[in-house]
Every structure is written in structure tokens, then in C-alpha cells.
Amino acid sequence: MSEALHVGLVQMEISPDTDTNIKTFEQKAAALCADLRRPHLIVGVEFGIAPERIEAPDGPAMHRLADLAAELEVWLVPGSLKMAEPGGGFSNAAPVFDPAGRLAGVYKKMVPWDTDLEKGTIPGQEYLVFDIVEPQVRFGLQICFDADFPEISRTLTLMGAEVLIQLSMDPDSIPKSYRHIKFARAIENQAYYIYMNGACDYEHFHLAGGSLAVSPEGNCIFEAGERPTSTIVSLDLDRLRHCRQNGSWDQVAQLHALYDYAPSQPLAGKERKSELFKRTPFSGRGQG
């Protein structure tokens, strides 16, 4: 029998109020844990905790989420929040709690989006992977715009991630074709890809929903509509490891080839000095 990983997905409406958001997530997470499949991990959305109020790393919001993880005895990636930084300002941060309620890590968005909501965000500098034991699997975490940079997903994969999670707050003004990025990240890394987006109106824009679960071979396992919803997806870990060992579709072995023929990356870390940024329309930007 295949080893299954059950992941709870909470595509929720986002309120400007932190307490309202946490209450919504508490209710949805508790309901998912009553399911016969009982999730090993439950995932929320970008800014699904605190989109407006800057919260302390050891403040009431974080304690309340830690208590929820301990009460439900489940791993939680409850969404992201504006988290106060030691030197002032804030990051867009996604905490991870283990089933004992301990903080297992915090991922801070590396590539902020140019919106009023994220204005002033201090970019993160560190990658985050975390392991659960039953079933044994490693996750890699990123937030929204991070996914547009394949280097981030590939680095998480090289750190051992088998399931890539993306928390987002994407409006419906973004074309449907944008979803193809998620399928590409799954296929090129031979990883499960979980994309979580908010739903309903927030300020002047409408969140598109459309949360996804994609297989390592690019098959859509689940796709949500526009409305708030919560569900559980079951991921076949044996299939994932078969793909990595034998190639996707028993043919295309990207990760084996990466090991055998890893292409050189002469401009890695030197992007600002590349020929691209010397040309129009980037030539006016300062060279770093």
C-alpha cells in the first residue's frame, strides 16, 4: 500500500483584523482534524494571519497559533503575517508549528511584491525546510512572488524538500496563465507543489482563490474555485520517490541529470552585473 501524506488546505477570506483571521483558521483546522483522513499538516494563505497589524515574534498571535497546533496535535503552516523585525520594520513571515506547539521555524519572504500592503517589507535571507516523521517527508516553504524565481524552488529541492509550499495572496487581475508556473516548479523539481491563495475581496481587489495541489509529474490533484474552502489532499509519497529514482513517466530524470551534468551558473550571485541589466529597459538602473 502506498504511503500517503494528508495535507489540509484552508483557502480563506482574509480580514484586516488578526484576531478574526486566527479564529477563522482555528475553526477550519479543527474541522479538518475531525476528518477520517486526519491531516498530518494544515496550510493557510499569505497574510492569512496578520496583513495590517505588525505582530511580535513572541506575541499573542504566535502563542495562540502554537496553542492550536498543540491542541490539535498537528503540524501547522497557518499563513503569513507582518512580523516585527529587531531593528525596526517588518517582514512577511510564515511560521511553522509542530504538533507539540513548538515553533519549528519561520520563513521570511525573499522577494516582496510592489504593493501598498507590502511597502516597507524587509526581505528575508534564509531558506526554510522542515521535516515531519510520520510519514517521513521534508517540506520547503516560500511566499507568493518567490515562486517566480526558479532558483528558490531549486534551492529548497537541493536542501531535500519533497513537497514545495507556496503561500499567496493573488488577485483575479492576474491572468489564468500565471498558474503554469506552479506546474513548472513541480515538474522541474520532481516535487509535489502546494499553492495556497486567499479568497474574496480585500481592500480594492478580489482574491482569485484557485489553490492547487500538483503532482511531481505535473498532474493537477486538486484545484479550488474562487470561494473560501477547506479540504484534504492525499499525496502518494511512493510515487514521488519513484519519479526521482526512475524519472517522471519512467522517462525524464531531471534530478539524476542535474547530478550528472549540472550546468555551470557563471552569473549566479552576479545578476546585477549581467548583460541583461546593461540593456534597455534596465540600463538606467544602478549597477550593484
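Every heavy atom of this structure was used, including side-chain atoms; hydrogens, water molecules and symmetry mates were not. These numbers were taken from a predicted model, which means no experiment stands behind them.
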Do we see a donor-acceptor contact under 3.5 Å between the side chains of [X] and [Y]?
{"X": "Asp172", "Y": "His206", "value": "no"}
{"X": "Gln142", "Y": "Ser153", "value": "yes"}
{"X": "Gln166", "Y": "Asp146", "value": "no"}
{"X": "Gln11", "Y": "Thr229", "value": "no"}
{"X": "Ser80", "Y": "Asn92", "value": "yes"}
{"X": "His242", "Y": "Asp236", "value": "no"}
{"X": "Asp58", "Y": "His63", "value": "yes"}

Review point. With ring centroids as reference points, do Trp75 and Phe130 lie under 6.0 angstrom apart?
Key: yes
How close do [X] and [Y] get, counting heavy atoms only, and between which atoms?
{"X": "Pro95", "Y": "Ala93", "result": "CD-O, 3.7 Å"}
{"X": "Leu258", "Y": "Pro263", "result": "CD1-CD, 4.4 Å"}
{"X": "Leu212", "Y": "Cys220", "result": "CD2-SG, 3.9 Å"}
{"X": "Ala161", "Y": "Gly140", "result": "CB-N, 3.6 Å"}
{"X": "Arg185", "Y": "Ala147", "result": "NH1-O, 2.9 Å"}

Exercise for review: Give the intermediate values and the outcome of side-chain contact (heavy atoms from CB on, under 4.5 Å) for residues Glu126 and Met110.
Suggested key: CA-CA 8 Å; Glu126 297 182 2; Met110 291 186 177; 5.6 Å; no
Any side-chain heavy atom of [X] sitting closer than 4.5 Å to one from [Y]?
{"X": "Phe139", "Y": "Val129", "result": "no"}
{"X": "Leu235", "Y": "Ile194", "result": "yes"}
{"X": "Thr24", "Y": "Ile14", "result": "no"}
{"X": "Phe47", "Y": "Leu117", "result": "yes"}
{"X": "Glu55", "Y": "Thr18", "result": "yes"}
{"X": "Met196", "Y": "Met169", "result": "no"}
{"X": "Asp148", "Y": "Tyr178", "result": "yes"}
{"X": "Leu237", "Y": "Glu162", "result": "no"}

Point to revise | Parallel, tilted or perpendicular, as decided by the 30° and 60° cut-offs, for the rings of Phe282 and Phe277 | key: perpendicular
N-O pairing of [X] and [Y] below 4.0 Å:
{"X": "Glu85", "Y": "Lys108", "value": "yes"}
{"X": "Glu188", "Y": "Arg154", "value": "no"}
{"X": "Asp116", "Y": "Lys119", "value": "yes"}

Among the clusters formed by ILVMFWY side chains lying less than 4.5 Å apart, do [X] and [Y] turn up in the same one?
{"X": "Ile54", "Y": "Ile22", "answer": "no"}
{"X": "Phe183", "Y": "Leu255", "answer": "no"}
{"X": "Phe25", "Y": "Tyr202", "answer": "yes"}
{"X": "Val214", "Y": "Ile174", "answer": "yes"}
{"X": "Phe90", "Y": "Ile143", "answer": "no"}

Would you say [X]'s side chain and [Y]'s backbone share a donor-acceptor pair under 3.5 angstrom?
{"X": "Asp98", "Y": "Ala104", "result": "no"}
{"X": "Ser168", "Y": "Asp170", "result": "no"}
{"X": "Asn189", "Y": "Ala191", "result": "no"}
{"X": "His256", "Y": "Arg244", "result": "yes"}
{"X": "His40", "Y": "His6", "result": "yes"}
{"X": "Asn21", "Y": "Asp17", "result": "yes"}
{"X": "Ser264", "Y": "Pro266", "result": "no"}
{"X": "Glu118", "Y": "Trp113", "result": "yes"}

Review point. Would Leu41 and Val74 count as a side-chain contact (heavy atoms from CB on, under 4.5 Å) if you check the C-alpha gap in whole Å, the side-chain angles of each, and the deciding distance to 0.1 Å?
Key: CA-CA 6 Å; Leu41 169 76; Val74 66; 5.7 Å; no
Point to revise | Residue of the set Asn197, Val43, Val45 for which side-chain contact (heavy atoms from CB on, under 4.5 Å) holds with Leu167 | key: Val43
Practice item. Verify side-chain contact (heavy atoms from CB on, under 4.5 Å) between Val10 and Leu32, making sure each step is shown before the conclusion. Key: CA-CA 9 Å; Val10 179; Leu32 288 172; 3.8 Å; yes
Exercise for review: Please round to the nearest 0.5 Å and tell me the distance separating atom CG of Leu128 and atom CE of Met159.
Suggested key: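 Result: 7.5 Å between the selected atoms.
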Check your understanding: After noting the C-alpha distance and the side-chain angles of Glu217 and Arg239, does the key distance pass the salt bridge (Lys or Arg N to Asp or Glu O under 4.0 Å) rule?
Key -> CA-CA 10 Å; Glu217 293 167 300; Arg239 185 62 195 174; 2.8 Å; yes
Point to revise | Partners meeting side chain to side chain donor-acceptor pair (under 3.5 Å) with Gln190 (sequence neighbours left out) | key: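 Partners of Gln190 by the side chain to side chain donor-acceptor pair (under 3.5 Å) criterion, ordered by chain and then number, come out as Ser248, Gln254.
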Review point. Should the heavy atoms of other residues, nucleotides or ligands under 6.0 Å from CD of Gln136 be counted, would the total exceed 12?
Key: no
Review point. Taking atom CG of Asp114 as the centre, does the number of heavy atoms from other residues, nucleotides or ligands within less than 6.0 Å exceed 12?
Key: no
Review point. Checking Lys182 against Tyr193: charged group under 6.0 Å from the ring centre and within 45 degrees of the axis?
Key: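 Verdict for Tyr193: no cation-pi partner in Lys182.
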Review point. What residues form a side chain to side chain contact (heavy atoms under 4.5 Å, CB included) with Glu71, not counting sequence neighbours?
Key: none
Exercise for review: Under the side-chain contact (heavy atoms from CB on, under 4.5 Å) rule, what do Val7 and Ile232 come out as? Steps first, then yes or no, please.
Suggested key: CA-CA 5 Å; Val7 183; Ile232 296 170; over 6 Å; no
